[in-house]
2 protein chains.
Amino acid sequence: MVRALSDDELAAYFALRGAGDRLQRAVTQQLRAHDLTEVQFSILARLGSGSDGIGMSELARGLVVTKSGLTYQAGQLERRGLVVRRASTDDDRVVLLHLTPDGKALLARVLPPHITLVRELFIDRIDPSDLAIVRDALAQVARD
Amino acid sequence: MVRALSDDELAAYFALRGAGDRLQRAVTQQLRAHDLTEVQFSILARLGSGSDGIGMSELARGLVVTKSGLTYQAGQLERRGLVVRRASTDDDRVVLLHLTPDGKALLARVLPPHITLVRELFIDRIDPSDLAIVRDALAQVARD
DNA sequence: TCGGACTCGTTCAAATTCGAACGATAGCAG
DNA sequence: CTGCTATCGTTCGAATTTGAACGAGTCCGA
């Protein structure tokens with residue numbers, strides 16, 4: 001038998017979905033001004049967070065996209081000169097994706113308003129003393 | 001000047017995205033056994049939560065989908081006999097979407113495992129004494 | 001070293017999604 | 001009542017996303 005969700009539990013679940021949707025909508029809309037989709041931004045942001053390139057499969061696992069979807073978007077970004085593909089020296093099967101200088105420059109333009117948006121919609125709406133609780137709780141959900 | 005996000009804030013942001021993605025992946029995979037996409041399930045679930053039909057635009061606003069996307073999916077569900085379109089008596093522009101008996105039956109089959117999944121991945125991972133805090137915090141984010 | 005199982009990134013066709021139209025209806029100020 | 005504006009759901013073409021192949025490379029036990 002399945003135990004139904006209590007009102008509190010249901011409300012928490014809806015709040016999680018609602019918060020995610022809300023943030024996604026706002027981010028998507030903001031990115032459109034820079035001709036970037038959410039997926040494309042995620043790729044650039046992930047590449048920008050480290051100094052080395054990232055393999056396609058590893059990248060696809062981190063984002064919410066299939067390998068073939070990433071192949072397509074990597075092509076779009078490469079066509080715009082924001083990203084380059086390079087062969088891996090370690091593993092001949094692997095294609096490493098790297099940011100170009102143009103890609104870094106675009107990321108540098110897009111990131112500040114993105115951070116402002118996250119602050120406005122997420123961080124600033126949570127009581128600072130609750131933030132650690134929320135962070136830890138959500139991290140448990142995200143955990144594999 | 002944009003104030004950067006602190007480590008804690010950034011971790012909270014990533015945790016939110018991670019939690020949402022994690023849940024979405026698991027739900028999507030589970031629904032595939034019933035030949036339903038996440039969007040289709042959302043439509044059925046929303047229709048099932050009330051006894052009256054819901055207008056297309058109102059429905060689209062609640063879900064993360066455009067009006068034209070909803071037109072398409074409503075067509076898919078109608079083709080499978082899970083849903084029917086009816087004219088609204090109040091407003092001739094409005095098309096009300098209703099669950100059919102088959103739609104209700106399918107929803108009744110899909111909901112229990114869905115609830116079990118939500119419990120397993122979300123509710124049970126959060127300390128019960130923290131749940132209210134998480135719920136309220138996320139509700140603030142979801143708020144318009 | 002061989003062979004089988006796995007992972008890599010890509011290709012392809014099909015399914016889905018989007019945004020910009022559009023015709024029809026509602027609501028409201030004058 | 002008459003315009004004007006907004007909202008309704010749909011259509012259309014283009015863009016994106018998916019899943020199932022595939023060829024190539026890696027790994028590991030026999």
Side-chain angles (χ1 to χ4, degrees), chain A residues 21 24-44 46-47 52-80 82-98, chain B residues 21 24-44 46-47 52-80 82-98:
Chain A
D21 289 352
Q24 185 183 352
R25 279 178 201 262
V27 168
T28 300
Q29 180 183 8
Q30 188 186 57
L31 289 173
R32 197 185 306 177
H34 301 275
D35 280 303
L36 283 177
T37 64
E38 167 108 40
V39 175
Q40 291 170 342
F41 173 69
S42 301
I43 295 172
L44 297 182
R46 179 83 175 73
L47 291 178
D52 293 341
I54 304 181
M56 301 288 285
S57 284
E58 183 185 348
L59 196 47
R61 262 181 257 113
L63 312 179
V64 188
V65 79
T66 57
K67 285 188 303 171
S68 60
L70 182 56
T71 293
Y72 174 77
Q73 286 298 353
Q76 295 295 307
L77 293 174
E78 195 169 31
R79 202 169 46 74
R80 288 168 64 178
L82 302 173
V83 134
V84 281
R85 280 181 232 245
R86 294 197 203 136
S88 166
T89 51
D90 293 344
D91 188 332
D92 280 349
R93 296 170 300 178
V94 172
V95 171
L96 264 5
L97 216 55
H98 292 262
Chain B
D21 289 352
Q24 185 183 352
R25 281 178 199 261
V27 169
T28 300
Q29 180 184 6
Q30 189 186 57
L31 289 173
R32 196 181 309 175
H34 302 274
D35 279 303
L36 283 177
T37 64
E38 166 107 41
V39 173
Q40 291 170 341
F41 172 68
S42 302
I43 295 172
L44 297 183
R46 179 84 174 73
L47 291 179
D52 293 342
I54 304 181
M56 301 289 285
S57 285
E58 184 185 347
L59 197 48
R61 261 180 258 113
L63 313 179
V64 189
V65 80
T66 58
K67 284 189 301 172
S68 59
L70 182 56
T71 293
Y72 175 77
Q73 287 298 353
Q76 296 296 306
L77 293 174
E78 196 169 31
R79 202 168 46 73
R80 288 169 64 179
L82 302 172
V83 135
V84 280
R85 283 180 231 244
R86 294 199 203 134
S88 166
T89 52
D90 294 344
D91 188 332
D92 280 349
R93 296 169 302 178
V94 171
V95 171
L96 263 7
L97 217 54
H98 293 262

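A, B, ... follow the sequence lines: proteins, then strands. Residue 1 opens every chain.
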Check your understanding: Is the shortest heavy-atom distance from the side chain of L70(B) to the side chain of I43(B) under 4.5 Å?
Key -> yes
Check your understanding: Below 4.0 angstrom from OP1 or OP2 of dC8(C), is there any side-chain N or O of S57(A)?
Key -> yes
**Study point:** Whole angstrom value for the distance that separates C1' of dG9(D) from CD of E78(B)
**Key:** 13 Å
Review point. Is any side-chain N or O of R61(A) closer than 4.0 Å to OP1 or OP2 of dC8(C)?
Key: yes
**Study point:** Length of the line joining Y72(B):OH and dG13(D):P, which is rounded to integer Å
**Key:** 16 Å
Point to revise | V95(A) vs R86(A) side-chain heavy atoms within contact, under 4.5 Å | key: no
Check your understanding: Of the nucleotides dC8(D), dT18(D), dA26(C), which has the atom closest to the T66(A) side chain?
Key -> dT18(D)
Exercise for review: Figure out the CD/P separation between Q76(A) and dT16(D), and round it to whole Å.
Suggested key: 5 Å
Exercise for review: Starting from C1' on dA15(D), measure out to CD on E38(A) and report it in whole angstrom.
Suggested key: 17 Å
Study note, to complete from the structure: Whole-Å distance, L63(B) CG to dT16(C) C1', equals 15 Å
Exercise for review: Let me know, please, whether K67(B) or G55(A) comes out on the 5' side of the other along DNA chain C by nearest nucleotide.
Suggested key: G55(A)
Exercise for review: Could you state the atom-to-atom distance from CG of L59(B) to C1' of dT10(D) in whole Å?
Suggested key: 15 Å
Check your understanding: Given dT10(D), dT18(D), dG25(D), which nucleotide is nearest the side-chain atoms of D91(A)?
Key -> dG25(D)
**Study point:** Whole-Å distance separating the CZ atom of R85(B) from the C1' atom of dT10(D)
**Key:** 9 Å
Review point. Are L36(B) and R80(B) close enough that some pair of their side-chain heavy atoms sits under 4.5 Å apart?
Key: yes
Study note, to complete from the structure: Per nearest nucleotide of DNA chain C, the residue lying toward the 5' end, R32(A) or A74(A), is A74(A)
Exercise for review: Sort out for me which residue in V83(B), L44(B), L77(B) forms a side chain to side chain contact (heavy atoms under 4.5 Å, CB included) with L97(B).
Suggested key: V83(B)
Review point. Between the two end axes of the helix from dT1(C)-dA30(D) to dG30(C)-dC1(D), each built from 5 base pairs, what angle do you get to the nearest 10°?
Key: 40°
Review point. Is any side-chain N or O of S68(B) under 3.5 Å from a base N or O of dG19(C), one able to act as donor and the other as acceptor?
Key: yes
Check your understanding: Would R79(B) and Q76(B) count as a side chain to side chain donor-acceptor pair (under 3.5 Å) if you check the C-alpha gap in whole Å, the side-chain angles of each, and the deciding distance to 0.1 Å?
Key -> CA-CA 5 Å; R79(B) 202 168 46 73; Q76(B) 296 296 306; 2.8 Å; yes
Check your understanding: Rounding to a whole Å, what distance do you find between M56(A):CE and dT11(C):C1'?
Key -> 13 Å
Check your understanding: How about R46(A) and E58(A): do any of their side-chain heavy atoms sit closer than 4.5 Å?
Key -> yes
Review point. Considering heavy-atom distances to DNA chain D, does G69(A) or R93(A) have its closest nucleotide positioned more toward the 5' end?
Key: G69(A)
Revision key, fill the gap. Scanning both residues in full, the closest heavy-atom pair of L63(A) with R25(B) reads O-NH2, 2.7 Å
